[in-house]
Amino acid sequence: MPARPPAGNLQRSPAVAAGPGIHFRPFLHYLEAECGMAANTLAAYGSDLEQFLAWYAEHGPARVRDVDLALLTKYVGRLHHRGLAASTIARHIVSIRTFFKYLVLEGVLAESIAELLDSPRLWERLPKVLGPEMVERLLDAPTAADRFPLRDRAILCTLYATGCRVSEVTGLRLRDVHLDESYCRCVGKGNKERLVSLNPRARLALEAYLEHERPLLAAGHDEGWLFVSKTGRSLSRISVWGLIKKYAARAGCSATVSPHTLRHSFATHMLAGGAEIRALQELLGHASIRTTQLYTHVEHSRLKAVHKKHHPRG
């Protein structure tokens, strides 16, 4: 078996010679001459980056400044689907991050989007999400046999439509809801306000609840809360938790489903549908985009599970 050539002698494949690949050789020289990188480490960086650039030649934009997080995450997902160890994927990510840092140093890029890529260690704490069909079953779970089905359906639909935390939903007041414009104003962590959209299903569910059930519930004690108990007072987080557990069991969901599961599902489905990560950050009320970045890994983890289940060689 022939020995691997020294790092300084790494040759680019034809596919790597264009686009950001033109910076491949200068990057290796930078690592060797200015960073003092050892030969074996340099060879590993070169190998990892050459694989990325070959893939980029097929899937990446013509201008490297047009690279977005979705593209880089797609590549990480490809590495994951190849069955590489987490430590190997982590090394690939470091190689890509370092390359993009170099492009910033050289003035090719103003900033490095690769900094938002997280280590595979993050995948160990991925949140659980429901598939779209299971969400539909959950939203349809309240029936006329339940005590307050319109209220309960409105709560479920609002949680999923907005991606709000349960505390944000139970904290909604009537004045916060603008059905004609299909949005509501919620107060999140740090007492920060944000606007969240209501999809048609959530709007219709809220209209039905506000017209037929809430007037009865709040008849004797109305403090202006949107979702109220049988005494007209604000519905507690624990009460909402119990309602979701009940309807999740009825819909056949996992016993681990909670209000936060709907938030996770909202985020993952939005991202899968093409939502920009920074827009999703605003919708979720995350202070740091690194928190939102978690959902890119959720989607690729889900795709890997689908591949493993259905591919004949999975």
Side-chain angles (χ1 to χ4, degrees), residues 1-106 108-109 111-124 277 293 296-308 311 313-314:
M1 181 176 179
R4 172 182 284 185
N9 293 327
L10 277 171
Q11 298 296 316
R12 289 173 293 173
S13 65
V16 175
I22 63 175
H23 303 286
F24 176 77
R25 175 68 59 187
F27 171 64
L28 292 182
H29 285 308
Y30 163 77
L31 294 181
E32 187 173 24
E34 297 190 34
C35 300
M37 191 168 284
N40 287 341
T41 306
L42 189 61
Y45 270 68
S47 175
D48 293 346
L49 189 58
E50 193 166 24
Q51 292 177 58
F52 168 70
L53 292 173
W55 178 88
Y56 182 99
E58 290 188 42
H59 305 280
R63 301 182 306 178
V64 68
R65 64 175 177 268
D66 291 332
V67 171
D68 58 17
L69 188 60
L71 179 78
L72 297 182
T73 305
K74 183 178 180 181
Y75 179 70
V76 174
R78 177 180 178 275
L79 298 176
H80 201 23
H81 294 165
R82 284 170 53 188
L84 299 180
S87 58
T88 302
I89 297 176
R91 191 195 67 208
H92 277 265
I93 291 175
V94 170
S95 299
I96 293 170
R97 277 184 186 163
T98 307
F99 179 63
F100 275 77
K101 282 182 181 179
Y102 168 77
L103 295 181
V104 172
L105 288 174
E106 291 296 303
V108 178
L109 296 175
E111 60 179 354
S112 171
I113 194 69
E115 288 302 302
L116 298 177
L117 284 174
D118 280 305
S119 165
R121 289 193 301 270
L122 186 62
W123 303 343
E124 297 173 2
I277 190 97
Q293 161 68 11
T296 63
H297 297 308
V298 175
E299 178 61 11
H300 284 298
S301 179
R302 183 188 68 81
L303 290 175
K304 182 186 178 187
V306 171
H307 179 275
K308 185 175 182 180
H311 194 280
R313 300 281 183 182

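- Heavy-atom minimum distance, Glu32 versus Leu42: CB-CD2, 3.7 Å.
- Not counting sequence neighbours, the partners of Arg63 by the salt bridge (Lys or Arg N to Asp or Glu O under 4.0 Å) test are Asp66.
- Contact check for Leu53 versus Pro20: side-chain heavy atoms found under the 4.5 Å cut-off.
- Atom CG of Leu72 is separated from atom NZ of Lys74 by 12.0 Å, given to the nearest 0.5 angstrom.
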Does the side-chain contact (heavy atoms from CB on, under 4.5 Å) test come out yes or no for Ile96 and Phe100, once each step is laid out? CA-CA 6 Å; Ile96 293 170; Phe100 275 77; 3.8 Å; yes

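- Taking the side chain as every heavy atom from C-beta outward, His23 and Val64 never approach each other to under 4.5 Å.
- Note: Trp55 and Tyr75 have tilted aromatic rings, judged against thresholds of 30 and 60 degrees for the angle between ring planes.
- Shortest non-hydrogen contact noted between Leu84 and His92 is CD1-NE2, 4.3 Å.
- Here the CZ atom belonging to Arg91 is positioned 10.0 Å from the OG1 atom belonging to Thr41, to the nearest 0.5 angstrom.
- The distance from atom CZ of Arg82 to atom CD of Gln51, rounded to the nearest 0.5 Å, is 5.0 Å.
- Partners of Tyr30 by ring-ring contact (aromatic ring centres under 6.0 Å, His included), not counting sequence neighbours, listed by chain and number: Tyr102.
- Using a 4.5 Å heavy-atom cutoff, the side chains of Glu50 and Phe24 are in contact.
- Put simply, the side chain of Thr98 gets close to the backbone of Val94: a donor and an acceptor are under 3.5 Å apart.
- Of all non-hydrogen atoms in Ala114 and Arg97, the two that sit nearest each other are O-CG, 3.4 Å.
- Summarising the geometry, atom OH belonging to Tyr56 is positioned 12.0 Å from atom CG belonging to Leu49; distances are rounded to the nearest 0.5 Å.
- With sequence neighbours left out, Ser95 forms a side chain to side chain donor-acceptor pair (under 3.5 Å) with Asp48.
- In terms of heavy-atom proximity, Ile89 sits nearest to Val76 at CG2-CG1, 4.1 Å.
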Please walk me through it: do Ile113 and Asp68 pass side-chain contact (heavy atoms from CB on, under 4.5 Å)? CA-CA 7 Å; Ile113 194 69; Asp68 58 17; 5.5 Å; no

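- Using bins of under 30°, 30° to 60° and over 60° for the plane-to-plane angle, the ring pair Tyr45/Phe27 lands in the tilted bin.
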